[in-house]
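For reference, the structure is listed below as C-alpha cells.
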Amino acid sequence: MKMALTLRKKRVNRSFAGTFWMSVFLAFVASFMALPLVYAINAAFKPLDEIFLFPPTLFVRNPTTSNFIDLMTLLGQSWVPFSRYIFNTFFITGMGVIGHVLLASAAAYPLAKHRFPGSKLIFTVVVLSLMFTPQVTAIPNYMVMSWIGLIDTYWAVIVPAFAFSLGLYLMKQFMEQIPDALLESAKIDGANEYRIFWQIVMPNVKPAWLTLVILLFQMLWGTDGNGFIYSEQLKTLHYASNQIIFGGIARAGVGSAVALILMSVPIALFVFSQSRIIETMTTSGMKD
Amino acid sequence: MSNIDIPSQRSGTMAGKAKASAPSWLAVKWQIMKAHKHSYILMSPYMLLFAIFTVLPVIMSIFISFTYFNMLEFPRFIGWQNYSRLFLEDDVFLIAIKNTILFAVITGPLSYIACFVFAWIINDLRPKMRAFMTLIFYAPSISGNVYFLWQMIFSGDRYGIANGFLIKMGVLLDPILWLKDEKYIMPIIILVQLWLSLGTGFLAFIAGLQTVDKTLYEAGAVDGVKNRWQELWYITLPSMKPQLMFGAVIQITASLAIADVSIYLAGFPSVNYAAETIVTHLIDFGTIRFEMGYASAIATVLFLLMLGSNLAVQRLLRKVGN
C-alpha cells in the first residue's frame, strides 16, 4: 500500500491487481457497448458487395461513400422535399428545447428558493411523475390534444415537451445550491422577483440549461410525431429515415448511412457538453 | 394588510406573526399566497401545461378505465368489468404481466448495478479516459433508435453477424431465427435493453462519485479501511444516497416500460406473444382495437405497478444505512 501511495499519490486503497482486473473487465464491457456503434459506422461505408459477404465482417475493407451518394439521390426523389423533413425536425426540436428551458427554469426557481403554500405538494407531484412513463397517459393525451385542436400540428409534439418533468426536477435541484445571500443582496438593491430570476439565477445555472437542452434534444430529435402528426409535409426526419431503414435489402447500405447521420448528432452534442451535464447531475439526488 | 405585498422568503415566520393577530386560518393562508404571488406567476405557465398533459390525463385514464369507450360514442360506465376481464379472461394480458415483471426484475436491478459499477470503475480513471469511457457507455442510450442495428446482428439468415460468426466457428450448422424463436426472444430483448440502459441514472452516478468528499477517503484510510471494497461500502455508498435514490427511480421506471425494443426486434405482435409486455398490450388495444376503456384499465394497472414499485424501492433504499 505504501508503494501504491508513492506511485499514484491520488488515491489510497488501490491494489495494482485489482486495478488491472477491473480495467480488463471495463475494456471487455466497453467493447460490447461500442460494438453496434462500430458496426454502424463501418456498415455506412461498406460497398454493397461487402454488406452481404459471408462470413459477415465487422470492419470495412474498401471504404466508399457511395451509400451517402445513393442517399442524396434517394432524397432528391422523395415526394415531399427532404429539406422539409429536416426543417420539421429542427423546428420541433428548437422550439421544444427553448420553451422547455424557459418554462422549466421559471417554475424551478420559486420551487428551489421559496417556500409557499403548495410548493411542497407541487414538487412531490413532479417527483411522482418521474415514476411513470408517458405511455400511461397516451390515450387521454390524445383526447386532450384533439380538444385543444393540436392534432396534426407541430405543437402536439412541442407543447407537451415544455412540461417534461425530469427537466424541472434537475433544474430545481441545481438551483438550490445558489447561495441565498446572492438573492438577498439583489433584493436589497431593489430587484424584483422577475429580475432576480432573469439576471441572477439564470446566468448561474448554465450547466443545468445545457443538460435540459441535451435531454430535450435527445427526446425531440428522435420523435416520429408521437402519433399526432399525419400530414406528410409535417412529418419528421426520424419518420422519413425509418422508411428508408425499413426499405429492406435494397436499402441496406443507404439505411446504414442514414442511421449514422442520425445518431452522430446527439452524440456530438453530448461530447461538447459532457462536463456541464455531469456538473448538473451532481445535484440530481433525492433528499427525501 | 398593507405590508403584505412585500415578497417574503420566510413564510414560516410570517405565518407565525400573522397567526397571532389574523382572524382565520384561511385568511392567513390567503395573505401568504398573496405575498408569494410572483412565485405563482413564474410557475404558472409550466404548471398549467404540466396539469393539462400529465396530471389531468392520469385522472382521466383512471375514470375511463371504468367505462366502455370506443372514441365514437359517449363512455358508458361499466364498473369493474374491464379489470375483471383483464385478470380473469385475457390470457395474453397475463403473459404480458409475466413478461413485464420478468423484464423488470432482470433489467431493473442489473441495469441499476451496471450503472453504478461502471460509473465507479470509470471514476478511478484519468480525466481524459474518464470522459471517453463515459461517452462509450452513455452513447447507446442517446443515439435514438439505433437498436435496430441489433436486428442486423441477430438477423435470421446467415448474413447476420451472430449467425455468421457462430457458423464460422463451427458452433452452428444452420442459422438460427433468433427473433422468431420463443426461446431466444426474451434473452435478446433483455440484452439489448441492458445495452440501452446506461442513461440518466449512469450520469447521475458518475456525477455523484465526483462529489464524494475526498478527505473522507483519507480519513477512512487512517481509520483502517483496507481496500477499495471496504471503501466502497463504508464511505462511497453512504455518501451517494441521494443519487442512488434518483438513479433507482430512473432505472425502475424504464425497466417497466420496455416496449420499443420488443416491437422493433420481435415484431408486433411477437411470435406467440413471447415478447408481449403491458405496454405493447396497451398499444394493441389503444391504437389498433380502439377499446379505450379497456386500454385505460391496462394503463391504470401499469401506472399502479410503476408507482408502487418505485415507492417500495424508495422506502427500502431510505432504510439502507440508517
Side-chain angles (χ1 to χ4, degrees), chain A residues 12-15 18 22 26 30 33-34 36-37 39-40 52 54-56 103-104 106-107 109-110 114-117 128-133 135-141 144 159-160 162-163 165 168 193 197 218 221-222 245 259 262-263 266-267 270-271 274 277-278 281-282 284-287, chain B residues 7 9 11 29 32-33 36 38-39 42-43 45-47 49-50 52-54 57-58 60-61 121 131 136-137 139-140 142-144 146 148-149 158-159 161 164 168 203-204 206-207 211 217 221 225 227-228 231 242-243 245-246 249 253 257 279 282 286 292 295-296 299 302-303 306-307 310:
Chain A
V12 289
N13 288 324
R14 291 291 180 273
S15 68
M22 276 216 236
L26 186 70
M33 296 298 285
L37 303 178
Y39 177 74
F52 297 106
F54 183 82
L103 295 194
Y109 164 59
H114 298 311
R115 295 204 146 249
F116 49 89
L128 285 179
S129 76
L130 295 178
M131 297 182 178
F132 58 86
T133 51
Q135 288 116 337
V136 167
T137 54
I139 294 166
N141 249 336
V144 171
V159 177
F162 288 170
S165 48
L168 173 66
E193 283 291 287
F197 165 66
Q218 228 167 280
W221 177 254
I245 289 168
L262 274 188
M263 72 184 214
I267 290 181
F270 177 70
V271 169
Q274 187 180 0
I277 296 174
I278 302 279
M281 291 291 174
T282 55
S284 66
M286 286 189 171
K287 300 157 219 138
Chain B
Q9 290 203 337
S11 61
K29 272 276 180 225
I32 301 171
M33 284 173 75
H36 281 285
H38 300 295
S39 295
L42 276 172
M43 286 196 331
Y46 180 95
M47 287 307 158
L49 295 178
F50 182 73
I52 293 176
F53 294 112
T54 303
V58 168
M60 279 172 69
S61 179
I121 298 179
I136 294 276
F137 279 82
I142 48 168
S143 31
V146 287
F148 82 88
L149 287 168
R158 48 186 220 138
Y159 301 110
I161 296 266
K168 199 180 148 208
L203 286 189
I206 293 230
T211 55
Y217 292 122
V225 170
N227 51 43
R228 69 180 84 206
E231 188 185 286
Q243 269 88 11
M245 307 252 277
F246 173 67
V249 169
T253 310
V279 176
L282 169 62
M292 295 308 180
S296 293
L302 181 67
F303 173 71
M306 284 174 165
L307 214 60
N310 264 306

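None of the values given here were measured: they were computed from a predicted structure. Chain naming here is simple, since letters A, B, ... match the order of the sequence lines and numbering starts at 1 in each.
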When the 4.5 angstrom heavy-atom criterion is applied to B:Val279 and chain A, the contacting part is side chain

| B:Ile52 and A:Val144, any side-chain heavy atoms less than 4.5 Å apart | yes

Okay, B:Ser296 and chain A: the region with an atom under 4.5 Å from a heavy atom over there is both

When the 4.5 angstrom heavy-atom criterion is applied to A:Thr133 and chain B, the contacting part is both

Okay, A:Gln274 and chain B: the region with an atom under 4.5 Å from a heavy atom over there is side chain

- With a 4.5 Å heavy-atom cut-off, do B:Leu302 and A:Phe132 have their side chains touching? no

Answer yes or no: is there a side-chain heavy-atom contact under 4.5 Å between B:Phe50 and A:Leu103?
no

So, the part of B:Leu282 with a heavy atom under 4.5 Å from chain A: the answer is side chain

With sequence neighbours left out, the residues meeting side-chain hydrogen bond (donor to acceptor under 3.5 Å, both in side chains) with B:Thr54 are none

Applying a strict 4.5 Å limit to non-hydrogen atoms, the region of A:Leu128 in contact with chain B is both

When rounded to the nearest 0.5 Å, the distance separating CE of A:Met131 from CZ of B:Phe303 is 10.5 Å

Cut-off 4.5 Å, heavy atoms of chain B, and the answer for A:Ile267 is both

Residues passing the side-chain hydrogen bond (donor to acceptor under 3.5 Å, both in side chains) test with B:Gln243, sequence neighbours excluded, are none

- Query: Between A:His114 and B:His36, what is the ring plane arrangement, given parallel below 30°, perpendicular above 60°, and tilted in between?
  - Reply: tilted

Between B:Ser39 and the options A:Tyr109, A:Phe116, A:Phe197, the side chain to side chain contact (heavy atoms under 4.5 Å, CB included) test singles out A:Phe116

- [ ] Report yes if some heavy atom in the side chain of A:Leu168 is under 4.5 Å from a heavy atom in the side chain of B:Met43; otherwise report no.
- [x] no

Per-residue tally against chain B (heavy atom, under 4.5 Å) across A:Ala104, A:Gly18, A:Ala138 peaks at A:Gly18

